[in-house]
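Before any comments, here is the structure.
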Amino acid sequence: MPASSRRRFTQYELDLVLDAHERYVSGRPGGKRAALRFIDFAELDFSRRNLCDADFSASVFEGARMAATKLDRGNLFGADFSKTDLRGASLVRADLRGACLRGANLTNADLTGADFREGQVAMSDRRTGLASMRHVNRVGVIDSAILRGATLDGSMLDGASAFAADFTDCSLRGARLTGANLKDANLGGANLEGAMVGGANLENANFEGAVLTGVDVTRARTLGAKMAGALTAPSEAAMAKAPALRAAIDSHEAWRRTGGRDGAPARLEGQDLRPVGERLKGAQLTAADFRGCCLVGLDLTGVELQGANLAGADLRGVSLKGADLRGARLAGANLTKADLRSAQLAGLPLTPSRTSPTNLTGAQLRYVQAQGADFTDSVLDEADLRGADFTGARIMGVSLRAADIASAVGLVQRR
């Protein structure tokens, strides 16, 4: 339906609706769920508002400002978000069937479980307007959209059109892309672990450095696709080493537990540790050597890595929530899209007057979740922190010389 056929809202009218919906969401008196279909919201400001569970189906948001807006579980069926600013927005499990996000900016947005599949959209007759309606089937459209660092885990993009879209560093774990059009799309560094791409058009798409573990591209169209440096499933040789790797971890924990009397420190430089799976979760690996190791996508929640050497390690998408990394060496490590919430990365006390700082020189921490983490006195010189979230983190004494902090949140040092 053309925008001219829709009722046009003013910013004042919109704010009244948003205020009432936020009262509804929080359970306060006077609340009312926003249910506004076929409305023209173009160019209006929704920034940072809570619109979870709202119904805006078939409405137009072209050019609207929706940065950090919450639209979780929203009914956005057939809506038009062309060129809309949705940076950092949350659209978890949103219904986007038949929606258009052509040219929208969804950098670092959360689209976990969002539904972009084909939907039947109501269209008005050009001559009679709303007096005569017809229905057409339309796929979700995200052509030329910017989704750098976005999370689309478990999203449903079957048949969707994402021509020339930018998915750099985004997470598409378990996403359904069957029959989708990703021609000329940029998925450099993206994590597509377990994604389904049967029948998809991947011609001329860029997958350089992407994680393609568990992805069968043999049934997709891949003419001209760039796959250099893409990470696939662990090799047979790596899988065969799994028992020895687990034994080395057991030995290291014994060494740590007995103060060096039993066991031996782990020296696992350059190993692919993905085959050990859950074994590293909560493990006690103080001073272990993981230089250049591949730990992509592993759950290391609560792991103890004080003083460990992880220089150059591949830690993309790793969960280090609540981990102890005090004094660890992470120079040149890749932690893109890692979860560092509540992790400890402050200096490791060596004597009452001396500490060993955590070294993240030149590390890649793009789109990292570091809320509530402790980075006190850590070294982040020349690190790439674009899009990282340090909300509530302790950053006193942090060194950020030549670091790229573009669009990073929460890096104002407090005293």
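Of all non-hydrogen atoms in Leu71 and Ala94, the two that sit nearest each other are O-CB, 4.0 Å. Asp377 and Pro357 get closest at one heavy-atom pair: O-CB, 3.5 Å. Between Asn105 and Thr107 the shortest heavy-atom distance is OD1-OG1, 2.7 Å.
Taking CD from Glu382 and CG from Leu360, the interatomic distance works out to 12.5 Å, rounded to the nearest 0.5 Å. Taken from CZ in Phe375 to CG in Leu365, the straight-line distance is 6.5 Å, to the nearest 0.5 Å. To the nearest 0.5 Å, atom CD of residue Glu304 and atom OG1 of residue Thr286 are 5.5 Å apart. Here the CG atom belonging to Leu380 is positioned 5.5 Å from the CG atom belonging to Leu400, to the nearest 0.5 angstrom. One finds the CG atom of Asp314 at 14.5 Å from the CZ atom of Phe290 (value rounded to the nearest 0.5 Å). Rounding to the nearest 0.5 Å places CG of Asp169 at 12.0 Å from CG of Leu147.
Taking Asp55 as the reference, Arg33, Ala35, Arg37, Ser57, Asn75 meet the side chain to side chain contact (heavy atoms under 4.5 Å, CB included) condition, with sequence neighbours excluded. Residues passing the side chain to side chain contact (heavy atoms under 4.5 Å, CB included) test with Ala64 are Phe46, Phe61, Met66, Thr84, sequence neighbours excluded. Applying the side chain to side chain donor-acceptor pair (under 3.5 Å) rule to Asp166 yields the partners Arg148, Thr168; only residues at least two apart in sequence or on another chain are considered. Tyr24 meets the ring pair (Phe, Tyr, Trp, His ring centres under 6.0 Å) test with His21; sequence neighbours excluded. Remark: Asp45 engages Gln11, Ser47, Arg65 in a side chain to side chain contact (heavy atoms under 4.5 Å, CB included) (not counting sequence neighbours).
For Lys83, the NZ atom is loosely surrounded, since the number of other residues' heavy atoms within 6.0 Å does not exceed 12. The environment of Leu36 atom CG is dense: over 12 non-hydrogen atoms of other residues, nucleotides or ligands sit within 6.0 angstrom. The 12-atom threshold is exceeded at CZ of Arg28, counting heavy atoms of other residues, nucleotides or ligands nearer than 6.0 Å. Counted within 6.0 Å of CZ on Arg219, heavy atoms from surrounding residues, nucleotides or ligands total 12 or fewer; the atom is thus considered open.
Residues Ser399 and Asp381 have side chains that bring a donor and an acceptor to within less than 3.5 angstrom of each other. A side-chain donor from one of Thr301 and Ser319 sits under 3.5 Å from a side-chain acceptor of the other. Remark: the Arg316 side chain and the Thr336 side chain contain no N/O donor-acceptor pair separated by less than 3.5 Å. For the residue pair Asn206/Asn186, the side-chain donor-acceptor check at 3.5 Å is satisfied. Side-chain contact annotation: Arg176 with Thr178, donor-acceptor N/O pair under 3.5 Å absent. Side-chain N/O atoms of Asp110 and Ser90 include no donor and acceptor closer than 3.5 Å. In this model, no donor atom of one side chain and acceptor atom of the other lie less than 3.5 Å apart for Glu62 and Ser82.
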Run the numbers on Arg256 and Gln306 for side-chain contact (heavy atoms from CB on, under 4.5 Å), then give the verdict. CA-CA 11 Å; Arg256 182 189 180 280; Gln306 306 96 316; 4.3 Å; yes
Would Asp324 and Leu305 count as a side-chain contact (heavy atoms from CB on, under 4.5 Å) here? Give the steps. CA-CA 6 Å; Asp324 192 341; Leu305 288 163; over 6 Å; no
Stepwise salt bridge (Lys or Arg N to Asp or Glu O under 4.0 Å) check, Lys321 with Asp339: CA-CA 6 Å; Lys321 190 175 181 179; Asp339 187 347; 5.4 Å; no
Walk me through it: do Phe56 and Leu51 pass the test side-chain contact (heavy atoms from CB on, under 4.5 Å)? CA-CA 10 Å; Phe56 292 120; Leu51 294 169; 3.9 Å; yes
Asn204 and Lys183: CA distance, side-chain angles, deciding distance, side-chain contact (heavy atoms from CB on, under 4.5 Å) verdict: CA-CA 6 Å; Asn204 298 320; Lys183 188 176 187 296; 3.8 Å; yes
For a salt bridge (Lys or Arg N to Asp or Glu O under 4.0 Å) check, start with the C-alpha distance between Lys70 and Asp72, then their side-chain angles and the critical distance, and finish with the verdict. CA-CA 6 Å; Lys70 292 184 178 180; Asp72 298 344; over 6 Å; no
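A salt bridge is defined here as a Lys NZ or Arg NE, NH1 or NH2 lying under 4.0 Å from an Asp or Glu carboxylate O, and Arg394 with Asp374 meets this definition. Salt bridge present: Glu203 and Arg221 bring a charged side-chain N and a carboxylate O closer than 4.0 Å. Between Arg173 and Asp153 there is no salt bridge, since no side-chain nitrogen of the basic residue lies less than 4.0 Å from a carboxylate oxygen of the acidic one. For the pair Glu22 and Arg49, the salt-bridge criterion is met [side-chain N within less than 4.0 Å of a carboxylate O].
The side-chain heavy atoms of Val368 and Leu385, taken from C-beta on, include no pair separated by under 4.5 Å. Taking the side chain as every heavy atom from C-beta outward, Leu172 and Leu157 approach each other to under 4.5 Å. Val60 places none of its side-chain heavy atoms less than 4.5 Å from the side chain of Phe81. At least one side-chain heavy atom of Pro275 sits less than 4.5 Å from a side-chain heavy atom of Pro234. Proximity of Asp289 to Pro265: side-chain heavy atoms (C-beta onward) are nowhere separated by under 4.5 Å. Using a 4.5 Å heavy-atom cutoff, the side chains of Leu86 and Thr69 are not in contact. Contact check for Leu91 versus Leu111: side-chain heavy atoms found under the 4.5 Å cut-off. The shortest distance between side-chain heavy atoms of Asp216 and Val197 does not fall below 4.5 Å.
Side chain of Asn50 to main chain of Cys52: a donor-acceptor pair is present (N/O by atom type, distance under 3.5 Å, no hydrogens or angles). Using modelled atom types, one side-chain atom of Thr358 and one backbone atom of Ala346 make a donor-acceptor pair closer than 3.5 Å. Between the side chain of Ser251 and the backbone N or O of Ala247, no donor-acceptor pair lies under 3.5 Å. The main-chain N or O of Ala58 is found under 3.5 Å from a side-chain atom of Arg6 such that the two form a donor-acceptor pair. Proximity of a side-chain donor or acceptor of Thr351 to a complementary backbone N or O of Arg354 within less than 3.5 Å is detected. Checked by atom type and distance alone, the side chain of Asp184 never pairs as donor or acceptor with a backbone atom of Phe163 at under 3.5 Å.
Contacts classified as side-chain hydrogen bond (donor to acceptor under 3.5 Å, both in side chains) and involving residues 267-279 (residues at least two apart or in different chains) are given here: Thr213-Arg274, Lys241-Gln271, Asp250-Arg279, Glu253-Arg279, Glu269-Arg291, Asp272-Arg274.
Exactly one residue among Leu106, Ile142, Leu192, Asn191 makes a side-chain contact (heavy atoms from CB on, under 4.5 Å) with Phe167. That residue is Ile142. Shown are Asn108, Thr151, Leu152; of these, the side-chain contact (heavy atoms from CB on, under 4.5 Å) with Cys170 is made only by Leu152.
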